[in-house]
Novice: 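I'd like to ask you about the structure that follows.
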Amino acid sequence: MTDQITLRRPDDWHLHLRDGAMLAAVLPETTRHFARAIIMPNLVPPVVTSADAIAYKSRIMAALPDGTDFTPLMTLYLTEETDADDVAAAHASGLISAVKLYPAGATTNSASGVSDFDKVRGVLERMAEIDLPLCVHGEVTDADIDIFDREAVFIDRVLDPIRRKTPGLRVIMEHITTADGVDYVQSADRDLAATITTHHLIINRNHILVGGIKPHYYCLPVAKRESHRLALRAAATSGDTRFFLGTDSAPHTDANKLSACGCAGCFTATNTMPILVHVFEEEGALDRLEGFTSLHGPAFYRLPVNETTITLTKCAPSPTPEKLITNEGDVTIFDPGFDLLWQVTS
Ligand code: DOR
Ligand code: ZN
């Protein structure tokens with residue numbers, strides 16, 4: 001029986017750090033375990049230009065606990081007004097690692113996102129030329145499309161046409177939640193990968209709705225039925241290099257979650273690694289965990305793997321910590337519904 005596992009230090013290929021007091025509180029929760037993270041640009045206002053990204057990166061660096069070795073991999077928020085030259089310059093200088101596409105209205109702070117995908121063609125073509133990846137929030141926002149179908153419809157109506165029209169554009173379908181997403185990624189022979197969150201490996205839509213509404217399990221894309229969760233688990237633990245970890249750890253204060261119109265997001269930075277070891281152990285795939293957390297992402301982003309390691313050790317069953325206290329208010333830490341059996345020991 002394995003009771004200790006050492007991995008190359010993991011990276012988080014999709015993370016919300018926010019700003020100000022929230023940034024200061026959540027950043028150490030990630031840097032404790034992760035070496036790098038792709039930083040989401042959906043601030044208010046969003047990180048649209050290279051000047052915005054320079055300023056945000058310096059705020060993140062200033063908030064880092066002393067002596068922390070962590071690299072924020074910055075992204076720009078794609079709008080219909082985005083300037084392709086500014087994107088190319090940000091890429092050439094090493095400032096950004098990707099551009100993020102939010103369909104307008106799809107999720108938290110996405111009002112400045114894209115409605116008319118033809119208007120961003122020029123930027124996407126330039127990105128293909130310079131080999132800058134596109135991170136995609138893959139949901140349509142049409143009112144007539146059921147929220148549980150939005151990912152599958154996005155693939156057909158938006159993503160596949162974009163990929164066909166823009167050969168060479170490398171795309172990361174972020175936080176996939178469906179077997180359709182898994183199948184689409186597996187059907188592509190190149191230039192397509194997907195991130196999978198911690199929480200979508202654990203919850204299905206029943207967890208949100210059965211026995212009373214559970215706002216802390218509400219996120220976007222919303223968790224789907226059990227068969228989809230099982231497809232995600234199979235993909236994550238398969239060893240297929242096209243799937244890797246992007247936690248989408250998305251802190252909101254309890255006041256903003258526990259509201260008549262509660263915010264979408266699960267905060268998983270604190271306990272992602274113990275939960276993932278648990279999942280991979282259940283699936284008999286502990287030997288594939290390092291690929292998912294530490295190898296496949298750098299390969300797709302064409303970055304070196306981390307040279308340092310972390311070690312997790314089996315421990316007495318312990319409940320997940322409940323809250324992260326911040327100066328903006330308490331943030332509830334994702335509850336996987338089971339005691340943690342692993343802890344990060346070095
Ligand atoms: O659940 C989510 N929360 N999904 C997103 O796409 C955005 C995120 C956030 O920023 O809170
Ligand atoms: Zn996100």
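Values in this document were obtained by computation on a predicted structure and should not be read as measured data. Counting convention: from 1, in listed order, for ligands and their atoms alike.
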Novice: Taking only heavy atoms of Leu220 into account, list the atoms of ligand 1 that are under 4.0 Å away from them.
Specialist: 1 (O), 2 (C), 4 (N), 5 (C), 6 (O)
Novice: For atom CD of Glu322, is the number of surrounding heavy atoms from other residues, nucleotides or ligands below 6.0 Å larger than 12?
Specialist: no
Novice: How does Asp248 reach ligand 1, if at all, at less than 4.0 Å between non-hydrogen atoms: by side chain, backbone, both, or neither?
Specialist: side chain
Novice: Side chains of Ser112 and Thr79: do they bring a donor and an acceptor to under 3.5 Å?
Specialist: no
Novice: At under 4.0 Å between heavy atoms, is it the side chain or the backbone of His137 that contacts ligand 1, or both, or neither?
Specialist: side chain
Novice: Could Arg8 and Glu307 be called an ion pair, given the rule that one side-chain N must be under 4.0 Å from one carboxylate O?
Specialist: yes
Novice: Using distance alone, determine whether Cys266 and ligand 1 share an N or O pair under 3.5 Å.
Specialist: no
Novice: Determine which pairs satisfy side-chain hydrogen bond (donor to acceptor under 3.5 Å, both in side chains) with at least one residue from residues 210-220, sequence neighbours left out, and list them in order.
Specialist: His216-Thr332
Novice: Is any protein N, O or S atom closer than 2.8 Å to the Zn ion (ligand 2), and if so, which?
Specialist: His14 NE2, His16 NE2, Asp248 OD1
Novice: With Arg225 as the cation and Phe148 as the aromatic partner, state whether NZ or CZ is under 6.0 Å from the six-membered ring centre and within 45° of the axis.
Specialist: no
Novice: Would you say Arg233 and Glu282 make side-chain contact, with heavy atoms under 4.5 Å?
Specialist: yes
Novice: State which residues pass salt bridge (Lys or Arg N to Asp or Glu O under 4.0 Å) with Lys224; sequence neighbours excluded, sorted by chain then number.
Specialist: none
Novice: I'd like to check whether Tyr102 has a polar contact with ligand 1, where a contact means an N/O of the residue lying under 3.5 Å from an N/O of the ligand.
Specialist: no
Novice: Going by the angle between their ring planes, with limits at 30° and 60°, are Tyr77 and Tyr102 parallel, tilted or perpendicular?
Specialist: tilted
Novice: With only distance considered, is Ala250 within less than 3.5 Å of ligand 1 through an N or O on each side?
Specialist: no
Novice: Under 4.0 Å, heavy-atom basis, I'd like to know which part of His199 is in contact with ligand 1: side chain, backbone, both or neither.
Specialist: neither
Novice: Name all residues meeting the side chain to side chain donor-acceptor pair (under 3.5 Å) criterion together with His175; count only those two or more places apart in sequence or in a different chain, and write none if there are none.
Specialist: His137
